Amino acid sequence: MRGYAADMDNADASADTLAQFPKQLREDFADSNVHIIAHSMGNRVLFRALQSLTEGEASHIHEVVMAAPDIDAGHFENALLVLRKRAQRFTLYASDADLALVLSSFVRVNYARLGQGGDGVFVAEGVDTIDGSDAVKALVSVALNHADVFEKERLISDLHYVIRHRTPVALRHGLTKTPKGDLHFWRLRVGRRS
């Protein structure tokens, strides 16, 4: 927790460098698709980098996966009009069992974290939000649960279908469409795969 402010500064300082990477990939591999996965505060770097790219520079970015993003949900929502033009699809993995994000919300009082699930789960047009809270809680873990998308079989399987097969969220197994206001998100179901 003591290093949190320094981590934010380092993340902000890295955004320009990250923005150069997709540009270089476009030059070196013009016909290739790029998928980007960011975790935790890495989403802060990605968020700023994507904003700095033009539509042309980002035209080869297909999938952007935001796992447990430790960024301000309001800032992200305000930037969505621009961000939607920087990738073909955004997938957000959230959980209210992520203790690292709970601690982050104490540091950033009154600023909901994008990766928080449960009642405060983020929903927006153009973002496939997957709330893995129930699946994580069912495993009765005492860990921070901050890297679940890379550790829990159900989440890894869903991520596989996002990246490898580019399967639309409505066709992926083990997800339940859940309304929130006029929009919806997807709950990762607990139990056997359907």
Side-chain angles (χ1 to χ4, degrees), residues 10-71 73 75-95 114-115 117 121-132 135 146-177 183-188 193-194:
N10 289 334
D12 291 344
S14 302
D16 289 340
T17 303
L18 180 61
Q20 295 307 313
F21 187 61
K23 293 177 190 178
Q24 189 63 49
L25 286 176
R26 183 169 171 74
E27 290 176 22
D28 295 346
F29 305 98
D31 295 332
S32 297
N33 299 329
V34 173
H35 308 305
I36 301 172
I37 301 173
H39 178 253
S40 190
M41 205 174 287
N43 284 279
R44 187 178 176 104
V45 181
L46 177 61
F47 172 68
R48 293 175 186 269
L50 288 176
Q51 287 180 299
S52 72
L53 295 174
T54 67
E55 282 186 61
E57 291 168 337
S59 62
H60 59 305
I61 299 175
H62 284 222
E63 302 288 342
V64 169
V65 175
M66 302 170 295
D70 186 7
I71 60 175
H75 290 161
F76 181 79
E77 186 170 26
N78 291 337
L80 259 177
L81 188 62
V82 169
L83 292 177
R84 279 193 207 109
K85 298 175 184 173
R86 301 303 183 266
Q88 290 187 10
R89 179 168 63 176
F90 284 85
T91 300
L92 164 64
Y93 287 98
S95 172
L114 187 61
V121 71
F122 177 86
V123 295
E125 199 70 45
V127 178
D128 294 338
T129 299
I130 313 298
D131 187 349
H146 192 51
D148 288 325
V149 74
F150 309 113
E151 296 172 349
K152 306 293 190 260
E153 182 182 350
R154 299 291 300 249
L155 292 165
I156 292 170
S157 176
D158 191 68
L159 181 60
H160 168 81
Y161 284 100
V162 171
I163 297 295
R164 184 75 174 128
H165 300 288
R166 303 198 63 223
T167 306
V169 67
L171 300 179
R172 297 199 307 261
H173 294 290
L175 300 175
T176 301
K177 187 175 182 178
L183 299 172
H184 62 271
F185 64 100
W186 301 84
R187 280 191 203 280
L188 193 67
R193 265 182 221 177
S194 54

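Along the sequence shown, residues carry numbers from 1. Just so you know, these numbers come straight off a predicted model, no measurement behind them.
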Got [X] and [Y] here, is their nearest side-chain heavy-atom distance under 4.5 Å?
X      : Y      : answer
Arg86  : Ile61  : no
Tyr161 : Leu175 : no
Val162 : Arg89  : yes
Ser14  : Val45  : yes
Ile130 : Arg172 : yes
Leu83  : Gln51  : yes
Leu114 : Phe47  : no
Ile163 : Ile37  : yes

- Start with the C-alpha gap between Arg26 and Ser59, add the side-chain angles, then the distance that decides, and say whether side chain to side chain contact (heavy atoms under 4.5 Å, CB included) holds. CA-CA 9 Å; Arg26 183 169 171 74; Ser59 62; 2.8 Å; yes
- Query: Among Val169, Val127, Val123, which residue meets the side-chain contact (heavy atoms from CB on, under 4.5 Å) test with Phe185?
  - Reply: Val123
- Name all residues meeting the side chain to side chain donor-acceptor pair (under 3.5 Å) criterion together with His160; count only those two or more places apart in sequence or in a different chain, and write none if there are none. His165
- Where do Glu125 and Leu80 land on the side chain to side chain contact (heavy atoms under 4.5 Å, CB included) test, with the steps shown first? CA-CA 9 Å; Glu125 199 70 45; Leu80 259 177; over 6 Å; no
- Query: Step by step, would you call Phe76 with Asn43 a side chain to side chain contact (heavy atoms under 4.5 Å, CB included)?
  - Reply: CA-CA 10 Å; Phe76 181 79; Asn43 284 279; over 6 Å; no
